[in-house]
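Reviewing the structure listed below.
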Amino acid sequence: MDLCVIGAGHVGLVTGACFAELGHHVIIVDNDAAKIRQLKRGRLPFFEPGLEELVHRTVAERRLRFTATLAEGVRASLIIFIAVGTPQKPSGEADLTHVEHVTRGIAAHLTGYRLIVEKSTVPVETGQWIQHTLRTYTRRKVPFDVASNPEFLREGTAIQDLLHPDRIVLGVETARAKELLLQLYKPLNAPLVVTDIRSAELIKHASNSFLATKISFINAIARLCELVGADVVKVAEGMGLDPRIGPAFLSAGLGFGGFCLPKDIDAFVHLADKVGYDFALLKAVKQINDEAREHFVRKIEQALWVVKDKTIAILGLSFKPDTDDMRYAPALDVIRALQHDGARIRAFDPQAMAHADGLLPKVTMCRDPYDAAKGADCLAIVTDWNEFKELDFKRLKRLLRQPLIVDGRNVYDAAVLRRLGFRYISVGRRDVSA
Ligand code: UGA
């Protein structure tokens, strides 16, 4: 099939490359001409495991191409996916300017039937607005359909998530739209939920909010564990073995970041308010998430007594492992708060240092975890990259000024660190010291 994906961000680029991998002809459109030039040269705007190879291969096999001209994409394709950004307004509401702008652009170039599919995370009713906008701005009477097909990919495992999804959600209103999307997704052989557009839109918001709720729930339990002397890792294990609860998203720590969960929660709360429902549960989820970052900083402050003029080594900057994405990353709040207290920061991240550099002035970016630890009074684990799990602790102990580890992701075995002579402070577990 001939497909167009508008928006060369995380969702758009991964979706386009994966559809090309499945044998379709895909054109990716982005109005950022510089980004398109870079993509044509084979350079990706962000890091996602496996994506660069996939893009290079599908471009070489002539199934994937890039353009900054919307008309070219609309003309060439039967199905057009809108995957542009939906940033956040100061009120928390989703800013749909890009979606509206692209929709008007599509309308201006429609010459024959097209299926326009919203993939961006959008509030309920966006599908209706897209239909209305297309009707209003299409010059001649050209037939079209609108559908909602939310994306559930995670950064870091995006290709796997797209090619092996646990479900595909189709919000459709005509048989033609349904047939086209069923045909497109048939090779993936995944469970399908076919519904109306509004329900599809809501599934995406509800899913992200539920995941965020699980994380905040376990973080609230972690606080309680600290107060009563219990171990949140064991509590989560015991809860997660109940198949109705499940073990995923029950890791306590610094809470959720990234460009999806925090923003989607705010947008959902705003949407609920707008239609007359006070979503108090989600407001609490957000509050617990903010507190997780503050609480972590407090742990470092208490462990060091006075933070001013101390050096703190931060391991991990990206909002989660296997990405270089710094958006809403806990590291930003943690480092800024410690700098505000007068701390000097040495940091290391396997992928995100280039992005973080501009956002975090006065942070010394280091070569590796050992370089970061040199002369530091505390080693703080902020992102649970795999490579931090097996460090040479004897070497670290020699490099640190004091053998203190504050772990925001519960990565280590407390008994092991204690034996090695560390003071080890984690989240929702007892502090240990040698
Ligand atoms: C999230 C959803 O998981 C995807 O299904 C969705 O498609 C995507 O948003 C989106 O809307 O585009 P993502 O933002 O890539 O994906 O990140 P997650 O893997 O969900 O992690 C979010 C945050 O929660 C990270 O900061 C992670 O460190 C944190 N987290 C996750 C925890 O603190 N504890 C956990 O147990 C799990």
Side-chain angles (χ1 to χ4, degrees), residues 7 9-15 46-49 83-88 94 118-122 149-162 164-169 201 203-222 232-233 235-237 239-240 245-268 285-286 288-293 295-296 316-334 352 381-386 388 407-411 427-428:
H10 227 103
V11 171
L13 210 48
V14 175
T15 305
F46 54 82
F47 169 73
E48 175 63 40
V84 295
T86 50
Q88 196 172 25
E118 48 169 31
K119 255 215 180 294
S120 307
T121 303
V122 290
N149 169 218
E151 189 46 68
F152 300 102
L153 58 81
R154 290 163 296 176
E155 292 185 23
T157 51
I159 295 174
Q160 169 77 9
D161 290 346
L162 210 136
H164 306 281
D166 21 56
R167 81 289 210 191
I168 289 166
V169 173
E201 291 168 334
I203 286 170
K204 171 71 190 199
H205 263 311
S207 300
N208 273 4
S209 300
F210 190 77
L211 292 173
T213 304
K214 268 189 112 175
I215 298 170
S216 278
F217 184 85
I218 202 67
N219 279 332
I221 298 293
V232 73
V233 175
V235 175
E237 190 185 328
M239 287 169 63
I245 298 173
F249 277 67
L250 285 182
S251 299
L254 271 156
F256 54 84
F259 200 51
C260 302
L261 301 194
K263 179 173 73 82
D264 286 1
I265 290 228
D266 286 347
F268 208 21
V285 166
K286 181 180 159 58
I288 293 168
N289 198 51
D290 292 343
E291 282 167 8
R293 298 175 184 205
H295 187 56
F296 182 70
L317 296 168
S318 56
F319 82 95
K320 66 171 191 176
D322 297 317
T323 175
D324 58 358
D325 199 338
M326 288 297 300
R327 291 176 294 181
Y328 297 88
L332 293 172
D333 289 337
V334 168
I381 309 294
V382 174
T383 316
D384 43 344
W385 283 89
N386 259 333
F388 300 156
D407 180 356
R409 299 291 180 180
N410 289 347
V411 173
V427 179

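Order of listing sets the numbers, starting from 1, for every ligand and every atom in it. Atom set for the values below is all heavy atoms of this structure, side chains included, hydrogens, waters and symmetry mates excluded. The structure presented is a predicted model; accordingly, all values stated were derived computationally and were not measured.
Under the salt bridge (Lys or Arg N to Asp or Glu O under 4.0 Å) criterion, D161 pairs with R154, not counting sequence neighbours.
Summarising the local packing, CZ of F47 is surrounded by more than 12 heavy atoms from other residues, nucleotides or ligands at distances under 6.0 Å. Atom NZ of K320 is surrounded by more than 12 heavy atoms from other residues, nucleotides or ligands within 6.0 Å.
For the pair F46/L13, a side-chain contact is recorded, criterion being any heavy-atom separation below 4.5 Å from C-beta on. Between F152 and V169 the shortest side-chain heavy-atom distance falls below 4.5 Å. Contact check for C260 versus H10: no side-chain heavy atoms found under the 4.5 Å cut-off.
Sorted by chain and number, the heavy-atom contacts of ligand 1 below 4.0 Å come from E151, F152, L153, R154, E155, K204, N208, L211, I215, F249, L250, S251, G255, F256, G257, C260, L261, D264, F319, K320, R409.
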